[in-house]
Amino acid sequence: MFELYLDTTDIVQLTRFNKALPLKGITTNPTILAKSGRGLKENLKLCAEILGTEARFHVQTISKSTADIIKEAEQLYNLPYDIVVKIPATEIGIAAIKQLNNTPIKVLATAIYSVQQGFLAGLAGADYLAPYVNRIETMGTNGIAVVADIQLLIKQHNLKSVLLPASFKNTHQVIEILKLGVGAITLPPDVTDQLFGHPTVQPAVNQFENDWKKIFDNKLSYET
Ligand code: G3P
């Protein structure tokens, strides 16, 4: 089943969007946690209060060697939440992903900027792959095509990895990625806001209301 995440620990935004969206959980990275001004455990506690005990939390490792990434992943796994450990898809990161394969620890390979990086992380056994769509496009490459190629290779080689693209700056990127049939996505709050905010929607709703009131005043539909 498709998994929708928000790429934030902003409590106000999470509370807002959790009302309308079937959120699977959140994704975080060191920048997001640092910006929140709260440590990991406080963020997890606050976000779990909003999203509930079933929510899934993607949390990134900070360690710089394969052995240390594995130790950090084990510590994250022991936290009392449904944690997916995010590991940057560098050579040492992919080595850690390979060692964590076939353990109960779920892993997301993050910071994917190329098809080959995504494929190697998939081969190593990552449960999720997070290509950075907007950041790829900022480099002058077609981010949608990179995600499509990774997905093609994952399917062709029958790998288990679920595509969870990240890094979006507009709804066009989001829709083009969704059309590929990816299994998951994570959206920043500003782009989520854009998904709801088509400029013609509210004027149309206002027009319905005005037309109704001219004839039926404040009555509700079933009262007429
Ligand atoms: O977790 C990765 C994602 O947050 C990157 O997004 O907007 O910083 O490119 P952005």
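Each ligand, and each atom within it, is numbered from 1 in the order the structure gives.
- The closest approach between T27 and ligand 1 stays at or above 4.0 Å for every heavy atom of the residue.
- A 4.5 Å side-chain heavy-atom check between I26 and Y5 finds every atom pair outside the cut-off.
- In this structure, atom 8 (O) of ligand 1 lies nearest to the protein heavy atom R135 NH2, 2.7 Å.
- Ionic pairing of K35 and D10 is not present here: no N-O contact between side-chain nitrogen and carboxylate oxygen is shorter than 4.0 angstrom.
- For the pair K179 and E176, the salt-bridge criterion is met [side-chain N within less than 4.0 Å of a carboxylate O].
- By the 3.5 Å distance cut-off applied to N or O atoms, T28 is not counted among the residues near ligand 1.
- Of all the atoms in ligand 1, the ones that sit under 4.0 Å from a non-hydrogen atom of K169 are 7 (O).
- Interface atoms of ligand 1 facing D7, defined by a heavy-atom separation under 4.0 Å, are 1 (O), 3 (C), 4 (O).
- Counting heavy atoms from C-beta outward, V147 and V182 have side chains that approach closer than 4.5 Å.
- Contact annotation for Y132 and ligand 1: only side-chain heavy atoms (C-beta onward) come within less than 4.0 Å of the ligand.
- Ring geometry, H58 versus Y128: the interplanar angle exceeds 60°, so the pair is classed perpendicular (tilted spans 30 to 60°).
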Check the pair D127 / K106 against salt bridge (Lys or Arg N to Asp or Glu O under 4.0 Å), numbers first and verdict last. CA-CA 6 Å; D127 297 283; K106 288 192 278 292; over 6 Å; no
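- The shortest separation from a heavy atom of K86 to ligand 1 is under 4.0 Å, placing the residue in contact.
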